[in-house]
Amino acid sequence: MSSEDSFVQVRTVEVPDCPPTPSGGPNDIEIPCRSTDVWFADGTIVIQAELTQFKVYRGILAANSPIFGDLFTVPQPDYSDSIDGCPLIHLSDSAVDTMHFLKALHFPGYYDPTRTNSFLLIAAILRLAAKYNVEYLHQCAYRQLASLYPTTLDAWDKRVDNAIEVFEARPFAVLRLAKETGHTSLLPACMYLCADSVNLNDILDGLASIDGKHIELEWAEKRACLRARQNLLLALRSRIFKFLMSTIDPPGHCTSPTFCDSAKYKWIRSLEASLNNGSPGVFSLKFPWSAFGQTVCENCFRTAQAHSNQQRQAIWDELPGFFDLPSWEQIRDDM
């Protein structure tokens, strides 16, 4: 080695400040994948939703959905896509909704309203069964939702809250679903619960839904809920519990005015304590009638209970109007 070579310095080329390769290049192409839930080896058609493919039976789709039946009668061009020799049909629906819908069609018992309480499954069935006119699935999903968001007070009083998966944003999610699918009959009870069971800040700012996505009411819906919340709270005090203000003359008159008035004052304080969160509770607040009956005379008790029940029914009859919705009669005519 020469003396000159011993003084040669090793140099490194510095990495320039270049932006990364933009997405969408040849190495970023998204490849569809086969569903692990719905892929029949002997299926006759492949359905693709987003990037998920489902291999199912053309005959089952056509037999249950006139939309698919009509689609399959249209001759397909020779250059149409195919997978494993089966025609490939692209849907604009989400992969999750499509999976639930196809499983409900191909697996008996997959969707059973007497056992299923998953909101996302029920929503998927309602959404796609309505879209593709699968009437029996559509009606099953609608009736399941309608059992929680009914059109009559009697049905409301019989509702089982956990018949559908319970989560804080459920009224918001059902409201979005009902509007998306055109089920106006669900809206009054649903908007009542938006106004009644949800924190005031959540009405304004929205909530995380069951799938983790943020869900928020539109401004007109927020305004309707805020107005109704105040008006229903007023109706609760001034109409349903008017009997506590001693402004109702019972038939036969009160037999113990001093005793009953004192008891009613205590019940007013108890009522106000239960309303301190600002929720109206017109249809969800449970009043202990048997206990009340032990603190007032028989005439006051019977008159109070009859008047309260009558006003509760009257407010239910007026409920759509609190949210600027059509009357119950119009809603039922459109069902």
Side-chain angles (χ1 to χ4, degrees), residues 119 122-123 126-127 130 138-139 141-161 163-164 166 168-200 202-204 206-207 209 215-242 275 277-287 307-335:
F119 175 77
I122 296 165
L126 183 72
R127 197 177 283 121
H138 180 195
Q139 287 302 315
Y142 166 73
R143 283 195 292 266
Q144 189 170 5
L145 285 162
S147 70
L148 286 188
Y149 304 92
T151 59
T152 67
L153 182 58
D154 182 61
W156 171 273
D157 289 334
K158 295 175 181 176
R159 68 198 293 272
V160 179
D161 193 53
I164 296 176
V166 178
E168 194 172 6
R170 190 175 68 177
F172 291 5
V174 174
L175 179 62
R176 292 273 73 79
L177 179 65
K179 288 197 167 185
E180 177 188 348
T181 57
H183 291 90
T184 309
S185 62
L186 301 174
L187 295 181
C190 186
M191 290 200 71
Y192 163 71
L193 284 172
C194 287
D196 180 70
S197 66
V198 178
N199 180 281
L200 189 61
D202 294 331
I203 293 176
L204 293 172
L207 286 165
S209 192
I215 185 169
E216 187 171 342
L217 300 181
E218 296 176 359
W219 170 242
E221 296 163 346
K222 293 178 184 181
R223 182 175 56 196
C225 283
L226 293 176
R227 286 178 175 172
R229 188 181 176 101
Q230 184 64 31
N231 291 333
L232 285 168
L233 189 59
L234 177 63
L236 181 76
R237 289 188 171 104
S238 65
R239 295 172 62 178
I240 291 181
F241 289 106
K242 183 179 180 180
L275 297 176
N277 67 348
S279 297
V282 174
F283 306 113
S284 52
L285 186 67
K286 303 298 181 184
F287 189 72
H307 182 270
S308 180
N309 289 339
Q310 184 271 329
Q311 285 300 311
R312 189 168 178 265
Q313 179 64 61
I315 293 170
W316 179 272
D317 294 340
E318 301 163 14
L319 184 62
F322 281 92
F323 299 96
D324 300 320
L325 295 170
S327 68
W328 282 122
E329 289 73 19
Q330 291 174 283
I331 289 173
R332 292 183 187 116
D333 286 343
D334 292 338
M335 289 174 62

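- Considering all non-hydrogen atoms of both residues, Pro150 and Ala155 come closest at CB-CB, 3.5 Å.
- With hydrogens and angles left out, the side-chain atoms of Thr184 and Asp334 include no donor and acceptor closer than 3.5 Å.
- For Leu148, the side-chain contact (heavy atoms from CB on, under 4.5 Å) partners at least two apart in sequence or on another chain are Arg159, Ile164, Arg170.
- With hydrogens and angles ignored, the 3.5 Å screen pairs a side-chain donor or acceptor of Ser308 with a backbone N or O of Ile240.
- Nearest approach of Cys225 to Phe323, heavy atoms of both residues: CA-CE2, 4.2 Å.
- Remark: Ser284 OG to Asp196 CG distance equals 4.0 Å, nearest 0.5 Å.
- Put simply, CG on Leu226 and CG on Leu200 are 6.0 Å apart, with the number rounded to the nearest 0.5 Å.
- Contact record, Leu232 with Ile315: CD2-CG2, 4.0 Å, taken as the closest heavy-atom pair.
- Put simply, the side chain of Leu319 reaches to within 4.5 Å of the side chain of Trp328, judged on heavy atoms.
- Taking the ring pair (Phe, Tyr, Trp, His ring centres under 6.0 Å) definition, one finds that Phe119 meets it with Phe167, sequence neighbours left out.
- In terms of heavy-atom proximity, Met191 sits nearest to Ala224 at CE-CB, 4.1 Å.
- Smallest separation of non-hydrogen atoms from Cys194 and Leu175: SG-CD2, 4.3 Å.
- In this structure, the ring pair (Phe, Tyr, Trp, His ring centres under 6.0 Å) partners of Tyr142, at least two apart in sequence or on a different chain, are His183.
- Partners of Ile215 under the side-chain contact (heavy atoms from CB on, under 4.5 Å) rule, at least two apart in sequence or in another chain, are Ala169, Phe172, Ala173, Arg176, Ser209.
- In this structure, CG on Leu187 lies 12.0 Å from OG1 on Thr151, to the nearest 0.5 angstrom.
- Residues His307 and Lys242 form a side-chain contact, since some pair of their non-hydrogen atoms from C-beta on lies under 4.5 Å apart.
- For the atom pair CD (Glu221) and NZ (Lys179), the distance works out to 3.5 Å, reported to the nearest 0.5 Å.
- Rounding to the nearest 0.5 Å places CZ of Arg223 at 14.5 Å from CD1 of Ile203.
- Remark: Tyr192 engages Trp156, Phe283 in a ring pair (Phe, Tyr, Trp, His ring centres under 6.0 Å) (not counting sequence neighbours).
- Judged as a salt bridge (charged side-chain N to carboxylate O under 4.0 Å, His left out), the pairs with a partner in residues 311-326 (not counting sequence neighbours) are, in order, Asp157-Arg312, Arg239-Glu318.
- Interatomic distance, Leu186 CG to Leu177 CG, rounded to the nearest 0.5 Å: 8.0 Å.
- Between Gln313 and Leu153, the shortest heavy-atom contact is OE1-CD2, 3.5 Å.
- Within a 6.0 Å radius of NZ in Lys286, more than 12 heavy atoms belonging to other residues, nucleotides or ligands are found.
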